Q: 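Can you keep this structure in mind? I'll have questions shortly.
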Amino acid sequence: MIILANIISLTIVFAVPLMLVALGGMYSEHSGVINIALEGIMVIGALCACFVLNAFDKSGMGKVHPQLAMLIAILVAGVSGMAFSVLLAFAAINLKADQTIGGTALNIFAPSFAVVLTWAIQGQGQTTIQIPSWIRITQETFGLEKGGNTFFNALIFKYFYLTTPIAVILFIAAWMLLYKTRFGLRLRACGEHPQAADSVGINVYKMRYAGVLISGFLGGIGGIAYTIAVGSGFASSVGGYGFLALAVMIFGNWKPVPILGSAVFFALFKVIAAYNSSIPFLPKLDNIKDKSSLYQMLPYIVTMIVLIFTSKKSKAPKAEGIPYDKGSR
Amino acid sequence: MSEDYIIEMLHITKEFPGIKANDDITLQLRRGEIHALLGENGAGKSTLMSVLFGLYQAEKGIIKKDGQEVQIKDPNDANRLGIGMVHQHFKLVECFTVLDNIILGVEDTKHGFLEKEAARKKVMALSEKYGLRVDPDAYVSDISVGMQQRVEILKMLYRDNEILIFDEPTAVLTPQEIDELMEIMRGFKKEGKSILFITHKLAEIMAVADRCTVLRKGRYMGTKDIAGTTKEELSRMMVGRDVQFSFEKKECKPGETLLSVKDLVVPSKVHKNNAVKGVSFDVHAGEIVCVAGIEGNGQSELVFGITGLEKASAGSIRLCGKDITNASIRVRSRDGMAHIPEDRHKYGLVLDYSLEQNLVLQRYWQPEFEEHGVIKAEAVRKYSEGLIDKYDIRSGQGPLTPARAMSGGNQQKAIIAREIDRNPSILVAVQPTRGLDVGAIEFIHHSLVGERDAGKGVLLISLELDEVMNLSDRILVMYEGEIVGEFRPKDTDVQELGLYMSGAKRNTAGKEGIAV
């Protein structure tokens, strides 16, 4: 039973970054800009948040007000991701550059930039930024007794970070913003038929900026959420999660609720990949030499299979990827 | 000021690269009138209206509302002045509901959230008042073209616009829907709204408009009272010369069988009714065979099957005696089939290619244009310049004009030039004059008859009965995927064809055909 609790709580902690980043991609694409730079945005967000956490650790504030420090780090992740996404927005909207190429350039740039900055601050060769242990929410955070290794404790407190409740709030906010507000209606119109939006007086360029910046914010938070979930510190990479999130977004048909579902689905496979040896009912495959690699391939293989079956009937925003030009008929 | 003008556009000049779209044009709209704006494709009608609606800025000239000079920099300004527009290509978001499309841009909110109830009531009230039937919760992707247009009209009414611009509203409608629209426009006039009605169909102007302003090649040709003018006078102003509304052709002398379709079955992607269910007919050298019918009775699928865009599931097609039932499109084209497609944007042209690239699209691999896998730019340029000259294709930058930037009539001329110049034995033309002006229609009709007189076979699919009666040597009527009647134009009339087209009558002997 404890193992089940572990699997569930781990799945949640891995689903959080996937969902946040996929929601970010969704916002960008609903405005009409393909955001393939999510991977890079995650790296930048995680990088900045890790520096902030370390600074709090050194100053001692982290141990006194751990969740306040964590909240600030999450905000820094979001804002830095947003700042980084301005580069994509400028290239895609103002310069009308090819969005895939622009995004790819940012993806190549981000990890190299992260390595340079990490070395500059931590010293040559110190590639990994450690994450302080006080960020985890424990029983003590709520003033409770530290309980034993029960099902409940394993389920709630083993992998409980501030990113999880924030992700829940952001999910609800993202859904409401997209479907229940004037902004959401106009944003979606810009991704579907920008000429129609323009003809009723909506500024397509502004809405597209808004879409990309929101995706930068969510992508940055997703970056730190991923780093926390992995738990071994930040080494200038988010392990392809930005791309996995794009698959989650496509599988989720550019809609928040299905995106949540597919994020959990993909996270489950990630957990199986990482903890296969301790899950009793999985085949042990003892005669295969490197079976853990086999399991680690799972999430990516599943991604490909799922996309083969779903990409045909997927409903992408019609005008995504096409730079908007007022003059064209 | 003696006249009560609600909108005046005075001496408007608007230039695009290489073309003067509007050259010193003046348009004065009286309060409560229906004012038609007439001109051929590329005459500058849409440009002028886009200037009024704030989509383009004019280089010269002023716009006055109620005698006061106004600046219209974007559609929001136009909306504030009460100007609304139904665009030729509808500006509707397909995955939104009708209601969402109507309120987009002027949404009500409550505590930051959308508030649609009041909007729904207003839309339903307007819909009732003017007889504009719509379903507010249907998705635009699911509704008919006619209803989409009603949504566009409701968009204007919802914004309380009093100056309504209709840009070529009848091009996409059936005859019944056109009558309905005319009635609605008269209703608006009664309400005191002022209407600008862009068209090139003279009959519609005569039926509904009070006055008419004519443009030709970006220039102002004058404004006429409809009561004091005639169709002929207006068309002369528009085209610059007399236009023949019908013409004599030589007697038909059918020769050998060029295209033979036998028991053809083609599945449909859209609707079961559209599928072709066992159709047989021949097209001979030197004749024009017309397939008439109401839209959506399998004509498109029949053409898809013949031209190879869709695979036939049964039956056979022979081109000049050779079986091409399963041949590729290139083989069919090489063996003498030319195709003027229904949807010139989708199947006729690569819109983002230049005119010369489009003109050589069917033959760029021929040794004349290609050597060692490299296209000979000079040969292509020379060839395309020849065609542009011969077929009078007008465009801003000659062979280098992007196809997208050309007017509909000139796009169609480019397709016809490309297809006919390959000297095909059979020409399949699907609604070749759809949405075109008098001058272009005349040109296309002459081209088709020219092909026939040169001993080619022409298969013409048309929804316009006048065109069918005028051009054809033989008429096949299609209904629900079958050929239900075969006629010669001189032995029948429009009324009789209409009965067969609606399925009210059917001629079983038609399957055997008239002996030729």
Side-chain angles (χ1 to χ4, degrees), chain A residues 26 29-32 96 98 172-208 210-211 252-256 258 312-329, chain B residues 16-17 46-47 50 53-57 73-80 84-97 99-116 140-141 151-152 155-156 158-159 167 345 351-352 402-408 411:
Chain A
M26 178 193 81
E29 301 218 345
H30 271 306
S31 80
K96 303 190 191 338
D98 186 295
I172 295 168
W175 183 82
M176 300 244 266
L177 186 64
L178 193 64
Y179 289 118
K180 295 290 166 194
T181 68
R182 175 189 290 183
F183 172 81
L185 190 74
R186 293 182 175 189
L187 184 88
R188 285 183 287 139
C190 291
E192 288 289 337
H193 196 333
Q195 287 81 9
D198 197 13
S199 78
V200 293
I202 295 168
N203 188 327
V204 177
Y205 300 123
K206 272 191 196 158
M207 294 311 281
R208 289 197 164 177
N253 228 341
W254 289 265
K255 290 183 182 130
K312 242 194 165 173
K313 53 181 174 181
S314 71
K315 280 195 177 147
K318 270 206 193 100
E320 67 166 19
I322 308 162
Y324 182 58
D325 186 359
K326 264 181 167 255
S328 85
R329 298 192 213 187
Chain B
F16 289 113
S46 289
T47 306
S50 296
F53 194 59
L55 292 172
Y56 298 141
Q57 310 302 314
K73 292 213 168 354
D74 59 40
N76 282 333
D77 289 342
N79 191 30
R80 267 190 290 280
M85 181 161 176
V86 174
H87 300 267
Q88 187 178 2
H89 304 287
F90 298 150
K91 309 256 183 196
L92 297 174
V93 181
E94 291 208 338
C95 66
F96 280 15
T97 63
L99 186 62
D100 283 349
N101 266 292
I102 292 173
I103 64 172
L104 184 66
V106 289
E107 312 87 345
D108 293 326
T109 55
K110 201 168 152 188
H111 312 303
F113 293 107
L114 286 173
E115 168 55 49
K116 296 185 193 169
V140 167
S141 50
V151 175
E152 284 281 17
K155 255 165 94 174
M156 298 193 294
Y158 183 75
R159 288 158 171 76
D167 190 356
H345 290 172
L351 287 176
D352 289 315
R404 190 183 290 283
M406 292 165 57
S407 71
Q411 288 177 343

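This one's a predicted model, so the numbers in the text were calculated from it and none came from an experiment. Reminder, nothing fancy here: chain letters follow the sequence lines and each chain counts from 1.
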Q: Hey, could you give me the CG/OG distance between B:Asn76 and A:Ser199, rounded to the nearest 0.5 Å?
A: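 Answer for the CG-OG pair, B:Asn76 versus A:Ser199, is 10.0 Å.
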Q: Does A:Val200 form a side-chain contact (heavy atoms from CB on, under 4.5 Å) with B:Arg159? I'd like the steps, not just the answer.
A: CA-CA 10 Å; A:Val200 293; B:Arg159 288 158 171 76; 3.5 Å; yes
Q: Mind checking the NZ-NZ spacing from A:Lys180 to B:Lys116? Nearest 0.5 Å is all I need.
A: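 Output value for this atom pair is 6.5 Å.
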Q: Between B:Leu114, B:Val93, B:Asn79, B:Leu55, who has the most heavy-atom pairs with chain A when the cutoff is under 4.5 Å?
A: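 Among the listed options, the one with the most contacts to chain A is B:Leu114.
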Q: Look at B:Leu104, B:Asp108, B:Asp100 and state which one has the largest set of heavy-atom pairs under 4.5 Å with chain A.
A: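 Option with the top pair count is B:Leu104.
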Q: Less than 4.5 Å to any heavy atom of chain A: does that hold for the side chain of B:His87, its backbone, both, or neither?
A: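 Side chain only.
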Q: With respect to chain B, which residue among A:His193, A:Glu192, A:Arg186, A:Lys315 yields the maximal number of heavy-atom pairs within a distance under 4.5 Å?
A: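 It is A:Arg186.
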Q: Measure the shortest side-chain to side-chain distance between B:Glu107 and A:Leu185 over non-hydrogen atoms and say whether it is less than 4.5 angstrom.
A: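 They are in contact (side-chain heavy atoms under 4.5 Å apart), so the answer is yes.
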Q: Could you look at B:Phe53 and say if it's the side chain, the backbone, both or neither that has a heavy atom under 4.5 Å from chain A?
A: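 Side chain only.
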Q: Can you tell which part of A:Tyr179 gets under 4.5 Å to a heavy atom of chain B, answering side chain, backbone, both or neither?
A: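 For A:Tyr179, backbone heavy atoms alone lie under 4.5 Å from chain B.
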Q: Closest approach of B:Pro75 and A:Asp198, non-hydrogen atoms and distance?
A: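 Closest heavy-atom pair between B:Pro75 and A:Asp198: CG-O, 3.4 Å.
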Q: Heavy-atom distances under 4.5 Å only: say whether B:Phe96 touches chain A with side chain, backbone, both or neither.
A: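 Just the side chain, heavy atoms under 4.5 Å.
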Q: Among the options B:Leu351, B:Thr109, B:Asp77, pick out the one with the most heavy-atom pairs lying under 4.5 Å from chain A.
A: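 Highest number of pairs under 4.5 Å: B:Thr109.
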Q: Does NZ belonging to A:Lys96 count more than 12 external heavy atoms closer than 6.0 Å?
A: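 Correct, the count exceeds 12.
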